[in-house]
Number of protein chains: 2
Amino acid sequence: MIPFRENRSYRRFHQSVDISTEDLKSMVDAARLSPSSRNVQPIKFFICNERELNSLIFPNLGWAGYLKDWDGPQEGERPSAYIVQLHDKNISAGYSCDHGIFAQSILLRAVELGFGGCMIATFKKEVLSEILRVPDHMEIIMVIALGKPKEVVVIDDIKDGDVKYWRDGEEVHHVPKRRLEELIWSPDGLLSHSL
Amino acid sequence: MIPFRENRSYRRFHQSVDISTEDLKSMVDAARLSPSSRNVQPIKFFICNERELNSLIFPNLGWAGYLKDWDGPQEGERPSAYIVQLHDKNISAGYSCDHGIFAQSILLRAVELGFGGCMIATFKKEVLSEILRVPDHMEIIMVIALGKPKEVVVIDDIKDGDVKYWRDGEEVHHVPKRRLEELIWSPDGLLSHSL
């Protein structure tokens, strides 16, 4: 069974647990084997599991927008690795939704290998590009934070349309998800059977 | 092992092999359990496994842009089901790369259930919207064709940067993929170890 349910967005990790370069490459390989719009494959991957460089990347990332009184994981609970997706503009002008496809493959593979992570689309692009020495023809489009999860994340049924995730007193992270019945849409009478 | 390699873009199917509504719902559930930007979940899913409606959907889809002398699967090899992703503009203005994340989950789950499919981003939006009676506040963003695959798809190493897939004399579909070494990017000297 593919671990869709186990693949939650994790933001606190056992920072001391390293992820090997081999495992990171295996995650990128999962992306490599995934569909790319018109098969153009214009996205490159920067992988990092070095503590010093991790500590330079970390301050440039935005964490959990809905948790207003939380600035992100503290020292000791930070990601032990990153995979950064970069658009190579020498290959194509756009990249459609390839980065979403690839990120999902990377995270599912991470879970399969005993890790977990989080897609991060909010980051200080200019500073991060300097740190990673990104050349002009490339652009950072997403950072995937990775590590050995150190938090419990549970899925709740959504209430009153409120999509904001939250943390309870036991530090459990709650994510409201729409129910299947709400997501499956059909106009009245189009299908011969009811869903 | 998650079937990333087995999950190829299939465009010819055993059309007579139905996909049950239960299986289609299970694929949508895989999308439901996947990450959504800011957890907004603004995408709805239309599922169809009815032959008559399938035959109305089919002519509005674009197939395999690189195969210039092929107009898509012939009768008997067409998809037996579709999952259409629609943006619900009443929920949010945008949807980031959610549709890519969701489509990958749907296709991986399809493979796990013994099926396969293809993401289709080229379609006659206006006609298709009429057929599916899509209201003004919703917009079709992707059609996922599904069925029991009836073709062999193999991955080749890319040659001379040519990303165009092609079919050989035995009707085997070849997809050139970049090698892992080409996809993993790193500026000289930034990491302490070589990749």
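Just so we're on the same page: letters track the sequence lines, and every chain starts at 1.
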Check: Does any heavy atom of chain A fall under 4.5 Å from the side chain of B:L53, the backbone, both, or neither of them?
Finding: side chain
Notebook entry, point to check: Contact part of A:E50 toward chain B, heavy-atom cut-off under 4.5 Å: side chain, backbone, both or neither?
Noted result: side chain
Margin query: Between B:L24 and chain A, with a heavy-atom cut-off of 4.5 Å, which part of the residue counts as in contact: side chain, backbone, both or neither?
Written below: neither
Check: Which answer fits A:I2, side chain, backbone, both or neither, if we ask what part of it has an atom under 4.5 Å from a heavy atom of chain B?
Finding: both
Notebook entry, point to check: At a heavy-atom separation under 4.5 Å, does A:M138 approach chain B through its side chain, its backbone, both, or neither?
Noted result: side chain
Next item on the list: Report yes or no: do B:K125 and B:N60 form a side-chain donor-acceptor pair below 3.5 Å?
Entry: no
Margin query: Below 4.5 Å, heavy-atom pairs only: which of B:R5, B:K44, B:R133 has the largest tally toward chain A?
Written below: B:R133
Notebook entry, point to check: At their closest point, which heavy atom of B:I158 faces which heavy atom of B:V163, and how far apart are they?
Noted result: CD1-CG1, 3.7 Å
Notebook entry, point to check: Under a 4.5 Å heavy-atom cut-off, does chain B meet the side chain of A:T21, its backbone, both or neither?
Noted result: side chain
Next item on the list: Give, as side chain, backbone, both or neither, the part of B:I155 having an atom under 4.5 angstrom from any heavy atom of chain A.
Entry: side chain
Next item on the list: Measure A:V84 against the heavy atoms of chain B and call it side chain, backbone, both or neither at under 4.5 Å.
Entry: neither
Margin query: Non-hydrogen contacts under 4.5 angstrom with chain A: give the residues of residues 65-74 of chain B involved, or none if there are none.
Written below: B:Y66
Checklist line | Stacked cation flag B:R11 on B:Y165, 6.0 angstrom / 45 deg | finding: yes
Item checked: Residue part contacting chain B, namely of A:I43, when any heavy atom lies under 4.5 Å -> backbone
Item checked: Options B:K25, B:K164, B:M119, B:M142, ranked by heavy-atom pairs under 4.5 Å with chain A, top entry -> B:K25
Next item on the list: Examine the side chains of B:S36 and B:D98 and answer whether a donor and an acceptor come within less than 3.5 Å of each other.
Entry: yes
Margin query: What part of B:A30 gets within 4.5 angstrom of chain A, counting heavy atoms only: side chain, backbone, both, or neither?
Written below: both
Notebook entry, point to check: Transitively linked via ILVMFWY side-chain contacts under 4.5 Å: A:I184 with B:L33?
Noted result: no
Next item on the list: Give the intermediate values and the outcome of salt bridge (charged side-chain N to carboxylate O under 4.0 Å, His left out) for residues A:K89 and A:D136.
Entry: CA-CA 9 Å; A:K89 292 180 275 189; A:D136 286 345; over 6 Å; no
Next item on the list: Answer with side chain, backbone, both or neither: which region of A:D88 has an atom nearer than 4.5 Å to a non-hydrogen atom of chain B?
Entry: neither
Checklist line | Cluster link B:F4 to B:L146, ILVMFWY, side chain under 4.5 Å | finding: no
Check: For B:E52 and B:N54, does a side-chain donor sit closer than 3.5 Å to a side-chain acceptor?
Finding: no
Check: chain B contacts: which residues in residues 104-114 of chain A have a non-hydrogen atom closer than 4.5 Å to it?
Finding: A:Q104, A:S105, A:L108, A:R109, A:E112
